[in-house]
Amino acid sequence: MDLDDRLRHYFGTADLATLTPAAFAAGTERMRVEFGLERDRPRRFALWTLMHMLGVAPGLDVAFADPADRDAARDFMEIVERQDEG
């Protein structure tokens, strides 16, 4: 997935700084709907990571039925946290 393409798909722009709060809310709602409908595990995980980075991801127990997917999400979260600290 190309990040700019995904941002344009959900928000109509790749520059999130230009969004109004209402436009951000509408875009994140589209993401939530698509996440709920997505059945391809890698695409679903990629969408969750984007949602996580934007602060709108569902909790791991809600997002992932498979324990391996929850573990991968936790690993991702730890990597992001380390990057933010460094």
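This chain uses plain numbering: 1 for the first residue, then up along the sequence.
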List in chain and number order the residues that pass salt bridge (charged side-chain N to carboxylate O under 4.0 Å, His left out) with [X], two or more places apart in sequence or in another chain; answer none if no residue qualifies.
{"X": "Asp66", "value": "Arg41"}
{"X": "Asp4", "value": "none"}
{"X": "Asp40", "value": "none"}

**Prompt:** To the nearest 0.5 Å, how far apart are CD in Glu78 and CZ in Arg74?
**Reply:**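 Between atom CD of Glu78 and atom CZ of Arg74 there are 9.0 Å.
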**Message:** To the nearest 0.5 Å, what is the distance between CZ on Arg32 and CG on Leu37?
**Reply:** 14.0 Å
Is [Y] close to [X] at the side-chain level, that is, under 4.5 Å between some pair of heavy atoms?
{"X": "Leu7", "Y": "Leu16", "result": "yes"}
{"X": "Asp5", "Y": "Arg8", "result": "yes"}
{"X": "Phe11", "Y": "Met31", "result": "yes"}
{"X": "Arg44", "Y": "Asp69", "result": "no"}
{"X": "Glu34", "Y": "His9", "result": "yes"}
{"X": "Leu47", "Y": "Tyr10", "result": "yes"}

**Request:** Could I get the full list of side-chain hydrogen bond (donor to acceptor under 3.5 Å, both in side chains) partners for Glu29, not counting sequence neighbours?
**Result:** none
**Message:** Please enumerate all residues that pass side-chain hydrogen bond (donor to acceptor under 3.5 Å, both in side chains) together with Arg30, with sequence neighbours excluded.
**Reply:**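 Partners of Arg30 by the side-chain hydrogen bond (donor to acceptor under 3.5 Å, both in side chains) criterion come out as none, since no residue qualifies.
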**Message:** By the salt bridge (charged side-chain N to carboxylate O under 4.0 Å, His left out) test, which pairs, at least two apart or in different chains, include something from residues 10-20?
**Reply:** none
**Asked** Which pairs pass salt bridge (charged side-chain N to carboxylate O under 4.0 Å, His left out) with one or both residues in residues 51-65, sequence neighbours excluded?
**Response**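 Applying salt bridge (charged side-chain N to carboxylate O under 4.0 Å, His left out) to every pair that reaches into residues 51-65, excluding sequence neighbours, yields Asp61-Arg70.
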Ignoring hydrogens and angles, write down the donor-acceptor pairs under 3.5 Å from the side chains of residues 20-28, residues two or more places apart or on other chains.
from, atom 1, to, atom 2, distance (Å)
Thr20, OG1, Ala23, N, 3.1
Thr28, OG1, Phe24, O, 3.2
Thr28, OG1, Ala25, O, 3.0

**Message:** Give me each pair satisfying side-chain hydrogen bond (donor to acceptor under 3.5 Å, both in side chains) with a member in residues 46-55, each pair once, sequence neighbours excluded.
**Reply:**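 Counting only pairs at least two positions apart or across chains, no side-chain hydrogen bond (donor to acceptor under 3.5 Å, both in side chains) contact touches residues 46-55.
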